[in-house]
Amino acid sequence: MDGHSSCGKSTMAKALAKKIGYTYVDTGAMYRAVTLYCLRRGFIHGDTIDEKSLEQEMDRICISFGKDSQGMQYTMLNGENVEKEIRGMEVSGKVSPVSAIPFVREAMVLQQRQLGRDGAVIMDGRDIGTTVYPNAELKIFVTASDTIRAQRRYDELISKGENPVYEEVLANVRERDYIDSHRAVSPLRKADDAIVLDNSSMTMDEQDEWLMSQYMRAAAE
Ligand code: DC
């Protein structure tokens, strides 16, 4: 499942994975964890990333996923639960340039293929249908208008106790759209055989129902 940022991909993907007993892999969380590592190590200075230092330490970055007592998945960076930190504005503001670095993508794609090697996986990202799993049985490309996506992200941050400014959230959504679709390596692009879902005016239940029907159809083929 690929698509623009903040269009509700992960919520839909998680819900379907739970229903059908598949493993959910949030590849955006992996790029976010690498970004957090860079911030902590002081590799990001304004708009500049110290790629040389990052490249030297790439093999020290281990990303994995855990599940809490309620079955909620969380992201771990070198064994530490960083789920909350990777969702904040600081990481969101730097993740697109970090995820545009070719050696970062190479390392993440390898890990993603490893995570999906036994099948029964729903993987959510930007380049899953084009690069990571070009032979996936079902490819969905999700999108929605940028203002609706910014509002959803704003509401999500508020519900997590943060204090966002709507205009900043919208600017971040637009900036990420631009960087994600213009980078040289694996830009955000709909795979030719992906089915598009524009959920701008759909409820959660409608999306879940639509996705389940696509899954049932693909599973029957
Ligand atoms: O899905 P998300 O918003 O958490 O993703 C964070 C960033 O990571 C997003 O700006 C683009 C990047 N990303 C990517 O380049 N490739 C992926 N497969 C997943 C995310």
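When reading the values below, keep in mind they use all heavy atoms of this one structure, side chains included, and skip hydrogens, waters and symmetry mates. As the structure lists them, so they are numbered: ligands from 1, and atoms in each ligand from 1.
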Min over Leu188, Val95, Val25 of heavy-atom distance to atom 8 (O) of ligand 1 lands on Val95
ask   = Are Ile49 and Phe103 grouped together when hydrophobic residues (ILVMFWY) are joined by side-chain heavy atoms under 4.5 angstrom apart?
value = yes
**Asked** So is Asp127 polar-close to ligand 1, meaning N/O to N/O under 3.5 Å?
**Response** yes
dist Asp180:CG -> Ser99:OG (nearest 0.5 Å) comes out at 5.5 Å
From the list Arg176, Arg87, Arg153, side-chain hydrogen bond (donor to acceptor under 3.5 Å, both in side chains) with Ser92 holds only for Arg153
For atom 20 (C) of ligand 1, the closest protein heavy atom turns out to be Gly28 CA, 3.5 Å
In terms of side-chain geometry, is the basic nitrogen of Lys160 or Glu156 positioned less than 4.0 Å from the acidic oxygen of its partner? yes
Notebook entry, point to check: Mind checking whether Met216 and Trp210 sit in one hydrophobic cluster, side chains of I, L, V, M, F, W, Y counted as touching below 4.5 Å?
Noted result: yes
Heavy atoms of Leu115 and Val121 approach each other most closely as O-CG2, 4.0 Å
Residue, atom and distance of the protein heavy atom nearest atom 10 (O) of ligand 1 read Ser96 OG, 3.0 Å
Logged contact type for Gln112 with ligand 1, heavy-atom cut-off 4.0 Å, is neither
The closest protein heavy-atom partner of atom 3 (O) of ligand 1 is Arg176 NH1, 2.9 Å
Check: Leu36 main-chain N/O paired with Glu85 side-chain donor or acceptor under 3.5 Å: no
If the threshold is 4.0 Å, N to carboxylate O, is there a salt bridge linking Glu221 and Arg217? yes
Do any nitrogen or oxygen atoms of Arg126 lie less than 3.5 angstrom from nitrogen or oxygen atoms of ligand 1?
-> yes
Atom 12 (C) of ligand 1 sits nearest the protein heavy atom Ser99 OG, 3.5 Å
Filtering Ile86, Asp124, Asp180 for the heavy atom nearest atom 11 (C) of ligand 1 leaves Asp180
Worksheet item: Taking the non-hydrogen atoms of Arg183, is any one of them nearer than 4.0 angstrom to ligand 1?
Response: yes
Logged contact type for Arg105 with ligand 1, heavy-atom cut-off 4.0 Å, is side chain
- Message: Tell me whether Tyr31 has any N or O atom under 3.5 angstrom from an N or O of ligand 1.
- Response: no
Between Arg32 and ligand 1, does any nitrogen or oxygen pair lie at a separation below 3.5 Å? yes
The protein heavy atom nearest to atom 19 (C) of ligand 1 is Thr27 OG1, 3.3 Å
request  = For the residue pair Arg126 and Arg183, establish whether any side-chain heavy-atom pair is separated by less than 4.5 Å.
outcome  = yes
